[in-house]
Amino acid sequence: MEYVLAYDIGTTGVKTCLFKISREIELIDGAYGAYNLYILENGGAEQDAEEWWSALCSTTKSLLQKTGINPAEIIGISFCSQMQGLVLVDRAGNALRRPMSYMDQRSGAVMKKYSGKGIKVAGLGLIKLLTCLIQTHAAPLSVKDPLWKYLWVKDNEPEVFSKVYKWLDVKEYFICRATGEFVMTKDSAWSTLIYNSNSYRWSKAICRMFKVNVNHLPRVIECYNIAGKLTEKAAAELGLKTGTEVYGGGGDATLIGLGAGCTNEGDTHIYSGTSGWVGTVTKKQVVDAVHSIAATMGVLKGRFNYFAEMETAGKCFEWVKEHLALDEIGIYLQKKDVAESKETEYESLYDYLSDTIKKIPAGSNGVIFTPWLHGNRCPFEDSKASGVFFNINIGTGKTQMIRAVLEGICFHLRWMLETQDLKVKTSDIIRFVGGGALSEVTCQILADITGRTIETVEHAQDVGAMGAAMLVGIGCGIIPSIDKVKNYVRVKKVFTPDFENKAAYDKNFKVFKEIYATNKKLFREINS
């Protein structure tokens, strides 16, 4: 029997999954380990590398114990992870400071300093912008992009910067810790926005322009390449066999689409986890600098993911649970989850909330929520944008507000979907994955708001790990090609739009889009 370990490294925890791989891929079991996200007053968002590794080790040992699998039967290890982090390491592979998350937005002054002189477009000097677009078909237009994090450390922590050996992303740190190798997969390299997507090399022109030390940049490999083998030390800490092959893996934006079975041109998937996005497969690198959408590198050469991201999707519903529902609408008695009560039919608090809000009519009686709890990227980049409940009146209850949060997430996903349609053709049938896809209420709301057919797949919350496992299958030859991946993904349920509901949603959606334009100046004034 051949098994694969796949690690899905998220914003707040790692899901360690064991797959059996042959003519199909079967998820055997998984284990979850949490770690912290540290939000700083200056806009920083950091994590702790030791907490990451500790979670990896504990979940691996737990999973092996739970399943009884012999580590010698594991043919490969792969990773799917959050992207656009910054992990600066020394020659021994030690993290020199706490890694900076993709959510880190403290680099506004640094971006302004290095953005260039003269005419600026989307915050970047025209000459620098054009150079980036020619070299990478994208540009570092967000304050959260890794380039600005790197330069922030250079300017603000010179002692740390002087010790830097390599610049890594999140999963690349895990690869380094596991194998001792300093590498980046092509998708991670491209996401730094200093990797030339024409020559498939680090762009010396961009490095010169922004004063990046090219010696800090690691060797680049394919996602399905073997990055190295598990060292004796790492194997002992993980409870695995020394010499187990470790594959490059990929970022979540790359592998969640793969795990959803979206590999052919025009395939569109929507992901709703802590963050959210719309991704469409293209055969050319399309960029929309005005709306902050770019075609990221995919697993296969000549395939790209036209990618539009929102910072907080499922995080908004988590916020609802913690700040609207808890102890306030009868879910908790003495802070006891309804899921813990023997008298309830609900398996979780989220199930209870979903069942409660489905009784509210489409449009939440005119209440609208904007899901910008940590700024926003697309279709507008603004770190100052915030969440808003709009049109509350004396008859508004919390159930309307909670439903409005889910609708607001789906409104924003529709906005990004329609913005993508300005440049590419998105698909009529959309694969919906991530934790949000586990709620049938959310799936139907998304179908009604977008007017598209929504498909969910088995193990919707584990498609990133599934994509990582597929890379091992491709790398070792069990899966013949990426084009065959769809054969390994089973559709679970189909949701068709209710166009009567869509008519109600269309009215709210028009207002939803205008809320940002109307309040942009006020967001900046109150949050500066």
Side-chain angles (χ1 to χ4, degrees), residues 10-12 35-49 51-52 81-88 95-116 120 122-124 139-161 164 167-170 173 191-194 210-212 252 273-277 292 309-316 318-319 322-323 370-388 412 516 519-528:
T11 307
T12 54
Y35 37 72
N36 293 310
L37 174 67
Y38 301 93
I39 301 297
L40 311 180
E41 290 184 0
N42 63 355
E46 298 180 346
Q47 301 197 276
D48 189 293
E51 289 180 13
W52 280 348
S81 80
Q82 53 177 300
M83 300 182 76
Q84 290 200 309
L86 180 79
V87 192
L88 299 175
L96 292 167
R97 66 179 318 281
R98 283 203 309 207
M100 298 169 79
S101 163
Y102 68 91
M103 298 174 70
D104 196 293
Q105 55 185 17
R106 77 185 83 177
S107 305
V110 170
M111 182 178 176
K112 187 175 181 180
K113 173 183 174 181
Y114 289 94
S115 62
K120 293 187 178 181
L124 203 60
L141 301 178
S142 170
V143 69
K144 299 170 188 175
D145 286 329
L147 172 63
W148 309 122
K149 299 181 181 86
Y150 172 89
L151 294 173
W152 187 92
V153 176
K154 181 180 180 180
D155 283 7
N156 291 275
E157 298 176 353
E159 288 187 13
V160 170
F161 195 79
V164 172
W167 164 356
L168 302 177
D169 205 339
V170 178
Y173 170 76
S191 75
T192 65
L193 301 179
I194 58 174
F210 290 111
K211 297 180 172 55
V212 172
D252 49 12
T274 301
S275 60
W277 64 68
S292 299
E309 182 189 9
M310 59 189 294
E311 290 289 353
T312 49
K315 190 70 175 176
C316 295
E318 182 182 328
W319 176 85
E322 296 297 332
H323 300 288
T370 65
W372 312 320
L373 296 188
H374 194 71
N376 190 60
R377 281 189 182 236
C378 171
F380 60 86
E381 161 65 30
D382 191 345
S383 62
K384 306 299 183 185
S386 296
V388 172
H412 198 94
Y516 174 69
N519 291 281
K520 179 179 179 180
K521 182 179 177 181
L522 297 178
F523 284 139
R524 189 156 298 277
E525 183 175 327
I526 200 167
N527 292 322
S528 294

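The structure displayed is predicted, hence computed values, not measured ones.
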K120 atom NZ, over 12 foreign heavy atoms within 6.0 Å: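 More than 12 within 6.0 Å, yes.
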
[atom1]/[X] to [atom2]/[Y] distance, rounded to the nearest 0.5 angstrom?
X: S383; Y: R377; atom1: OG; atom2: CZ; result: 11.0 Å
X: Q84; Y: E309; atom1: CD; atom2: CD; result: 7.0 Å
X: W167; Y: Y150; atom1: CH2; atom2: OH; result: 6.5 Å

For a 4.5 angstrom cut-off between non-hydrogen side-chain atoms, does [X] reach [Y]?
X: S275; Y: M310; result: no
X: V170; Y: M83; result: no
X: T192; Y: L147; result: no
X: T274; Y: Q82; result: no
X: Y102; Y: D252; result: no

Taking only residues two or more places apart in sequence or in another chain, which ones pass salt bridge (charged side-chain N to carboxylate O under 4.0 Å, His left out) with [X]?
X: K113; answer: D155
X: R106; answer: E46, D104
X: K144; answer: E311

Does the plane of the ring in Y516 sit parallel, tilted or perpendicular to the ring in W372? Use 30° and 60° as the thresholds.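 Answer is perpendicular, since the angle exceeds 60°.
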
Closest heavy-atom pair and its distance - [X], [Y]:
X: D145; Y: A139; result: OD2-O, 4.1 Å
X: V87; Y: P99; result: CG2-CB, 3.8 Å
X: G85; Y: P146; result: O-CB, 4.3 Å
X: M111; Y: G123; result: CE-O, 4.3 Å
X: A45; Y: L37; result: CB-CD1, 4.4 Å
X: S107; Y: W152; result: OG-CB, 3.6 Å

Only counting residues at least two apart or in another chain, list the ones meeting side chain to side chain donor-acceptor pair (under 3.5 Å) with Y35. none

is_close_aromatic(W148, F210), centroid dist under 6.0 Å: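 Yes, the ring of W148 comes within the 6.0 Å limit of the ring of F210, centre to centre.
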
Would you say [X]'s side chain and [Y]'s backbone share a donor-acceptor pair under 3.5 angstrom?
X: N376; Y: C378; value: yes
X: D48; Y: E51; value: yes
X: Q47; Y: N36; value: yes
X: E381; Y: S142; value: no
X: N527; Y: K384; value: yes

I'd like to know whether R98 forms a side-chain contact (heavy atoms from CB on, under 4.5 Å) with L40, so could you lay out the CA-CA distance, the side-chain angles of the two residues, the decisive distance to 0.1 Å, and finally the verdict. CA-CA 12 Å; R98 283 203 309 207; L40 311 180; 3.9 Å; yes

Counterpart residues, side chain to side chain contact (heavy atoms under 4.5 Å, CB included), relative to T312 (two or more places apart):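 Side chain to side chain contact (heavy atoms under 4.5 Å, CB included) check on T312 returns K315, C316, L373, H374.
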
Can you sort out the partners of V153 under side chain to side chain contact (heavy atoms under 4.5 Å, CB included), two or more places apart, ordered by chain and number?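 For V153 the side chain to side chain contact (heavy atoms under 4.5 Å, CB included) partners, ignoring immediate neighbours, are L86, L88, R97, M100, E157, V160, F161.
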
Which is it for V388 and F523 under the side-chain contact (heavy atoms from CB on, under 4.5 Å) test, yes or no, and what are the steps along the way? CA-CA 10 Å; V388 172; F523 284 139; 3.8 Å; yes

